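What you see is a predicted model; the values in this text were computed from it and never measured. FYI, the numbering just counts along the sequence from 1.
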Amino acid sequence: MSEQRAGDQPTDGTESHDPDFPEAFLSFMREGWRDTTLPVGPRVEVPNHAKRRAELSAAFPGETLVIPTGGEKVRANDTDYPFRPGSDFAYLTGDHDPDSVLVLRPNGSGHDATLYMRPRSSRDNDEFFRSRHGELWVGRRHTLAEKSTELGLPTVDLAELDAALAQLAPGRTRVLRGFDARVDSAVRPYDGPREEGQPARDRELAIAISEAKLVKDEWEIAQLQDAVDATVRGFEDVARVLPADRAVSERLLEGIFALRARHDGNDVGYSSIVGAGEHATILHWVHNHGVTRPGELLLMDMGVENRNLYTADVTRVLPVDGRFTPLQRQVYDIVYASQQAGIDFIRPGVQFKDVQLTCMRVLAEGLHDLGLLPVSVDEAMDEKSTVYRRWTLHGFGHMLGIDVHDCANARKETYRDGALGEGYVLTVEPGLYFQPEDELVPEELRGIGIRIEDDVLVTATGTVNLSAGLPRRADEVETWLAEQREAGPRLPG
């Protein structure tokens, strides 16, 4: 790639190692350019974002709210990670550009929203070819007017942000902190109580946004279904290249899925877990440097993040040679029964923690049938014991949306200790994991890890499994795998 930058950056966006160009070259670069336009119009989701901002406005009357998206992050030396906007900022604006800041100012009856953004680098100055923000480096950016039309928001040049922030009163301003150091330092925290390392007032802003995200509107549900559908295609792609009779690297399978994610969406929603054999017992196995082996199982926990940043989160376990062994199927069926019990139990008004207990009891009963529990099922389920968790390890699931672990700043009483509501989307993903070094299980069980995960929408009467396009029952998985292999590899299209 072209050399970008190193060391401290000048404020004009030029590089510390840029040459001093001769005037003849500068003059030559400034002439002979045809202007370009972007075909922009209001996005279909503009009313949804406006409604969310209005709800946030109502929660904090008379106060200024500052929500930054964050900037690019250095990957190594002078290269950056691909930019992904802050989830709360994107939830409120739909904007995907780095460094932007949303400011909501009270106007007496609500709030006026203003988006501070870096406008396009026109040919009016040398930025377009000299700055790392210039269009010859990063491509055509929106003008202020174009962005305003697209998002339905008034826009102001980012260069004016410092002056705007300097006028804000700490006691009447809340900031979504931790995303933009420039904003954090410009708006002095209010002297008062602190929660989780930040002013309680600012923490309340993060909580309000997070809890608003618990209920998904129709547009969001469509985005999640879009992400899930792409994920289904990604799993199909992987199954079509998975050999039944020889080893293949986990990273090859990871890459096949990543191709689908980049083609059909924005990227993967999180680092893909591709665990062959005993790697399936490692919950967050992301090294993916192992290989598949006939006779063993392959656990894949993967999700596509779609172009509007909503992500799927799906896990399937495949028998590499096409058939589960009797013991593998026995463990698989326990996990399937646990997941199905949880899905059947979910409906509006049900407590989140009761879904957990429902799934875990089925797993505990299965562990008892395997002869592993040192006590009865009831004793194992007692909150003073929970010894079954040696082999279940994690909870039944989590909220899903514009983040893979959505609504993470919600209060415990509205999330983990709260009731489910219509429009919630959550994963249901119980599992059993028998570590290869666990001497309390029979040798034949060691190294088996099974998790089945689906993305579930809570409806007025129960649930809709958004990821039902991938089979779950053991016999259906075997049939599906054979069908994918028979169909053969394909390129995304």
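- Lys51 has no carboxylate O lying under 4.0 Å from a charged side-chain N of Asp217, or vice versa, which leaves the two without a salt bridge.
- Applying the 6.0 Å contact sphere to CD of Glu218 captures no more than 12 heavy atoms from other residues, nucleotides or ligands.
- Closest heavy-atom contact between Thr231 and Met302: CG2-O, 3.7 Å.
- Taking 4.0 Å as the cut-off between side-chain N and carboxylate O, Asp80 and Lys73 do not count as a salt-bridged pair.
- Counting only distance, with no hydrogens or angles, the side chain of Thr459 and the backbone of Gly462 share a donor-acceptor pair below 3.5 Å.
- Here the CE-CG distance, from Met300 to Asn288, works out to 11.0 Å after rounding to the nearest 0.5 Å.
- The main-chain N or O of Asp455 is found under 3.5 Å from a side-chain atom of Ser467 such that the two form a donor-acceptor pair.
- Judged by distance alone, the side chains of Thr311 and Glu305 never bring a donor and an acceptor atom under 3.5 Å apart.
- A donor-acceptor contact shorter than 3.5 Å links the side chain of Trp137 to the backbone of Phe129.
- Taking the centre and axis of the six-membered ring of Phe21, the NZ or CZ atom of Arg130 falls outside the cone set by 45° and 6.0 Å.
- With hydrogens and angles disregarded, a donor-acceptor distance shorter than 3.5 Å links the side chain of Ser148 to the backbone of Leu153.
- In terms of the ring-ring contact (aromatic ring centres under 6.0 Å, His included) criterion, residue partners of Tyr433 (sequence neighbours excluded) are, by chain and number, His394.
- Of the inter-residue distances, the one linking Ser57 atom OG with Asn107 atom CG reads 7.0 Å to the nearest 0.5 angstrom.
- Proximity of a side-chain donor or acceptor of Arg316 to a complementary backbone N or O of Leu470 within less than 3.5 Å is detected.
- Counting non-hydrogen atoms of other residues, nucleotides and ligands closer than 6.0 Å to CZ of Arg30 gives a total above 12.
- Salt-bridge check for Lys216 with Glu422: failed, with every basic side-chain N at 4.0 Å or more from each acidic carboxylate O.
- The closest donor-acceptor contact from the side chain of Arg43 to the backbone of Leu151 lies at 3.5 Å or more, if one exists at all.
- When all heavy atoms are compared, the tightest approach of Pro85 to Asp95 is CB-O, 3.9 Å.
- Side-chain contact check for Asp237 versus Leu259: every heavy-atom pair is 4.5 Å or farther apart.
- A 4.5 Å side-chain heavy-atom check between Arg105 and Leu65 finds every atom pair outside the cut-off.
- Under a 4.0 Å N-O distance rule, the pair Arg132/Glu72 qualifies as a salt bridge.
- Considering every non-hydrogen atom in both Asn308 and Glu45, the closest pair reads OD1-OE2, 3.9 Å.
- When ring centroids are compared, Phe128 and Trp33 come within the 6.0 Å threshold.
- Applying salt bridge (charged side-chain N to carboxylate O under 4.0 Å, His left out) to Asp97 and the options Arg118, Arg141, Lys147, Arg84 leaves one that passes, Lys147.
- In this structure a side-chain-to-backbone donor-acceptor pair under 3.5 Å is missing from Thr173 to Pro170.
- The pair Arg182-Asp99 fails the salt-bridge criterion, with no side-chain N (NZ, NE, NH1 or NH2) lying under 4.0 Å from an Asp/Glu carboxylate O.
- Side-chain contact, Asp313 with His398: a donor N or O sits under 3.5 Å from an acceptor N or O.
- At least one side-chain heavy atom of Asn48 sits under 4.5 Å from a side-chain heavy atom of Arg52.
- The closest side-chain heavy-atom distance from Val314 to Phe235 is below 4.5 Å.
- Taking the ring-ring contact (aromatic ring centres under 6.0 Å, His included) definition, one finds that Tyr388 meets it with nothing, sequence neighbours left out.
- Summarising the geometry of Tyr310 relative to Glu220, their closest heavy-atom pair is OH-OE2, 2.6 Å, with the distance given to 0.1 Å.
- The closest donor-acceptor contact from the side chain of Asn306 to the backbone of Leu309 lies under 3.5 Å.
- Put simply, the side chain of Pro106 reaches to within 4.5 Å of the side chain of Thr64, judged on heavy atoms.
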Would you sort out whether Leu457 and Thr463 count as a side chain to side chain contact (heavy atoms under 4.5 Å, CB included), showing the intermediate values?
-> CA-CA 5 Å; Leu457 167 68; Thr463 62; over 6 Å; no

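- In summary, the side chains of Asn409 and Arg203 do present a donor paired with an acceptor at a separation below 3.5 Å, with no hydrogens or angles considered.
- Using a distance-only test at 3.5 Å, with no hydrogens or angles considered, a donor-acceptor pair links the side chain of Glu250 to the main chain of His289.
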Could you check Gln223 against Ile402 for side chain to side chain contact (heavy atoms under 4.5 Å, CB included), going step by step and ending with a plain yes or no?
-> CA-CA 9 Å; Gln223 299 310 304; Ile402 201 168; over 6 Å; no

What side-chain donor-acceptor pairs closer than 3.5 Å can you find for residues 341-356, not counting sequence neighbours?
{"from": "Asp344", "atom 1": "OD1", "to": "Gln340", "atom 2": "NE2", "distance (Å)": "2.8"}
{"from": "Arg347", "atom 1": "NH1", "to": "Phe345", "atom 2": "O", "distance (Å)": "3.0"}
{"from": "Gln356", "atom 1": "OE1", "to": "Phe396", "atom 2": "N", "distance (Å)": "2.8"}

Audit row: Asp454, Glu429, side chain to side chain contact (heavy atoms under 4.5 Å, CB included) steps and yes/no = CA-CA 7 Å; Asp454 284 270; Glu429 51 173 311; over 6 Å; no

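- Listed for the Arg174 side chain is a donor-acceptor partner under 3.5 Å among the backbone atoms of Arg201.
- A salt bridge is defined here as a Lys NZ or Arg NE, NH1 or NH2 lying under 4.0 Å from an Asp or Glu carboxylate O, and Glu135 with Arg123 meets this definition.
- Scanning all heavy atoms of the two residues, the minimum distance from Thr36 to Arg120 falls at O-NH1, 3.8 Å.
- Minimum interatomic distance between Leu38 and Glu146 (heavy atoms only, all atoms of both residues): N-OE2, 3.6 Å.
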Given side chain to side chain contact (heavy atoms under 4.5 Å, CB included), test Ile67 with Leu92 step by step and report yes or no.
-> CA-CA 9 Å; Ile67 300 100; Leu92 294 167; 4.2 Å; yes

